[in-house]
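Presented below is the structure to which this report refers.
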Amino acid sequence: MAGIAIYLEGGGDGARTKRSLRRGMDRFLSPLKEAARTRRMHWRLGACGSRENAFSRWSQDPEDTRYPVRILLVDAEDPVQGSAADHLRRREGWKFGVHQDHKVHLMAQTMETWLVADPAGLEAYYGARFHRAALPVTPDLESVPRKQMEDALERATARTQKGGYHKTRHAPHLLERIASERVRHRCGMCDRLFAEVGKLIRG
């Protein structure tokens, strides 16, 4: 039975934090997971730690017949011009085959952009004293620089009971709560991920 495998940047170096991120992203991507199950496809999502490790694992077995649909998902880090594959070719020096662009995807400049795209989901998690007005309101969140996005999220959460945003402690739980349809509406690269992977699942 064919399957889909997603190689995700993030989760740090520890097995526990990688499991936590994998669980959160698995929930965020649940519409794709359910579509794969409907087509009787296996689903595998792995948090790989560093972006270099995600690329390395994605590249190792391109002919793995168990998972013919193999997706690389990493942060852009910088503003993006051109396709995701072209961006990573220029920035990282990574090599992709000519027919692999639809399997290479970016999470905006930073994954935190996806979290900020659903302020209601953030507020539901952080509760009282969450400062929603600190978040960027631009419809095109992907244009907001990485540092500015991270600073805004820190300001919005600093006075909450959970404390300021912490990537390994908070991000996995937030990914379980934010609505993918809201993120897709404000983040074109996220919308591309769902659209392109959906096409691959449907065959």
Side-chain angles (χ1 to χ4, degrees), residues 6-34 45-51 54 71 73-80 84 105-195 197-198:
I6 298 177
Y7 297 82
L8 170 69
E9 173 187 357
D13 297 325
R16 182 184 60 80
T17 53
K18 287 177 181 176
R19 279 195 306 271
S20 182
L21 178 62
R22 183 179 68 239
R23 184 168 57 247
M25 186 62 76
D26 198 65
R27 176 65 184 85
F28 180 75
L29 298 178
S30 60
L32 293 175
K33 183 176 182 178
E34 291 306 314
L45 188 153
C48 302
S50 71
R51 61 199 290 102
I71 305 299
L73 182 57
V74 298
D75 286 337
E77 301 286 342
D78 297 320
V80 177
H105 291 268
L106 300 169
M107 296 182 284
Q109 294 187 44
T110 176
M111 185 267 291
E112 280 69 24
T113 302
W114 287 8
L115 306 181
V116 171
D118 184 5
L122 288 176
E123 192 163 14
Y125 176 73
Y126 283 102
R129 305 182 80 177
F130 176 75
H131 185 37
R132 187 167 177 166
L135 300 177
V137 296
T138 175
D140 180 18
L141 284 178
E142 291 174 346
S143 67
V144 178
R146 176 189 184 96
K147 182 66 164 57
Q148 183 179 335
M149 185 67 67
E150 293 170 348
D151 289 347
L153 187 54
E154 172 62 29
R155 290 195 304 273
T157 58
R159 300 180 64 195
T160 66
Q161 187 173 7
K162 289 184 172 68
Y165 171 75
H166 189 281
K167 194 175 187 76
T168 56
R169 288 202 304 267
H170 297 172
H173 302 294
L174 289 166
L175 285 167
E176 293 179 13
R177 289 166 171 79
I178 61 173
S180 59
E181 62 271 18
R182 293 176 184 164
V183 180
R184 293 180 67 178
H185 180 70
R186 299 184 72 187
C187 299
M189 284 182 273
C190 181
D191 187 56
R192 174 181 176 262
L193 172 70
F194 275 81
V197 176

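For reference, positions follow the sequence shown, starting with 1. Note: hydrogens, waters and symmetry copies are ignored here, and every other heavy atom, side chains too, is used. Keep in mind that this is a model prediction, so the values were computed, not measured.
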Do M107 and L73 have side chains that approach each other closer than 4.5 Å (heavy atoms only, starting at C-beta)?
yes

Spacing of M149 atom CE and L135 atom CG [to the nearest 0.5 Å]:
8.5 Å

Who are the side-chain contact (heavy atoms from CB on, under 4.5 Å) partners of S50, not counting sequence neighbours?
E52, N53

Could you give me the CA-CA distance, side-chain angles and deciding distance for L175 and L115, then say whether side-chain contact (heavy atoms from CB on, under 4.5 Å) is met?
CA-CA 7 Å; L175 285 167; L115 306 181; 4.0 Å; yes

Listed by chain and number, what are the salt bridge (Lys or Arg N to Asp or Glu O under 4.0 Å) partners of E154, not counting sequence neighbours?
none

Look up atom CD1 in I6 and atom CG in L45, then write down how far apart they are to the nearest 0.5 Å.
5.0 Å

Of all heavy-atom pairs linking A76 and V80, the shortest is CB-CG2, 3.5 Å

With sequence neighbours excluded, tell me which residues meet side-chain hydrogen bond (donor to acceptor under 3.5 Å, both in side chains) with Y125.
none

Table please: side-chain donor-acceptor pairs of residues 18-32 below 3.5 Å, with sequence neighbours left out.
| residue | atom | partner | partner atom | Å |
| --- | --- | --- | --- | --- |
| D26 | OD1 | W43 | NE1 | 2.7 |
| D26 | OD2 | K33 | NZ | 2.6 |
| R27 | NH1 | S30 | OG | 3.0 |
| S30 | OG | R27 | O | 2.9 |

Do V74 and L106 pass the side-chain contact (heavy atoms from CB on, under 4.5 Å) test, and can you show the C-alpha distance, the side-chain angles, and the key distance before you say yes or no?
CA-CA 5 Å; V74 298; L106 300 169; 3.9 Å; yes

Is the closest side-chain heavy-atom distance between L174 and W114 below 4.5 Å?
no

What verdict does the side-chain contact (heavy atoms from CB on, under 4.5 Å) test give for K162 and T157, after you've listed the backbone C-alpha separation in whole Å, the side-chain angles of each residue and the deciding distance to 0.1 Å?
CA-CA 8 Å; K162 289 184 172 68; T157 58; over 6 Å; no

Could I get the full list of side-chain contact (heavy atoms from CB on, under 4.5 Å) partners for E123, not counting sequence neighbours?
F130, R132

OG1 of T17 to NZ of K167: how many Å apart, nearest 0.5 Å?
12.0 Å

Can you sort out the partners of E176 under side-chain hydrogen bond (donor to acceptor under 3.5 Å, both in side chains), two or more places apart, ordered by chain and number?
none

Listed by chain and number, what are the side-chain contact (heavy atoms from CB on, under 4.5 Å) partners of R169, not counting sequence neighbours?
H166

For residues 177-186, please give each side-chain donor-acceptor pair under 3.5 Å, one per line with the distance, not counting sequence neighbours.
| residue | atom | partner | partner atom | Å |
| --- | --- | --- | --- | --- |
| R177 | NH1 | H173 | O | 2.9 |
| R182 | NH1 | D118 | OD1 | 2.8 |
| R182 | NH1 | D118 | OD2 | 3.4 |
| R184 | NE | D191 | OD1 | 2.9 |
| R184 | NH2 | D191 | OD1 | 2.9 |
| R186 | NH2 | P136 | O | 3.4 |
| R186 | NH2 | T138 | O | 2.9 |

Looking only at heavy atoms, the pair that brings A54 and Y7 closest together is O-CB, 3.9 Å

Residues passing the ring pair (Phe, Tyr, Trp, His ring centres under 6.0 Å) test with H105, sequence neighbours excluded, are none

Can you measure from CD (Q148) to OG1 (T113) and round to the nearest 0.5 angstrom?
10.0 Å

Who are the side-chain hydrogen bond (donor to acceptor under 3.5 Å, both in side chains) partners of T110, not counting sequence neighbours?
E112

Donor-acceptor contact present, side-chain T160 to main-chain R129, <3.5 Å
no

Show which side-chain atoms of residues 140-147 pair as donor or acceptor with protein atoms under 3.5 Å away, not counting sequence neighbours.
| residue | atom | partner | partner atom | Å |
| --- | --- | --- | --- | --- |
| D140 | OD1 | E142 | N | 3.4 |
| E142 | OE1 | G188 | N | 3.4 |
| E142 | OE2 | G188 | N | 3.0 |
| E142 | OE2 | M189 | N | 2.6 |
| S143 | OG | D140 | O | 2.7 |
| R146 | NE | E150 | OE2 | 3.3 |
| R146 | NH1 | E77 | OE1 | 3.0 |
| R146 | NH1 | Q109 | O | 3.0 |
| K147 | NZ | D151 | OD1 | 3.0 |
| K147 | NZ | D151 | OD2 | 2.8 |

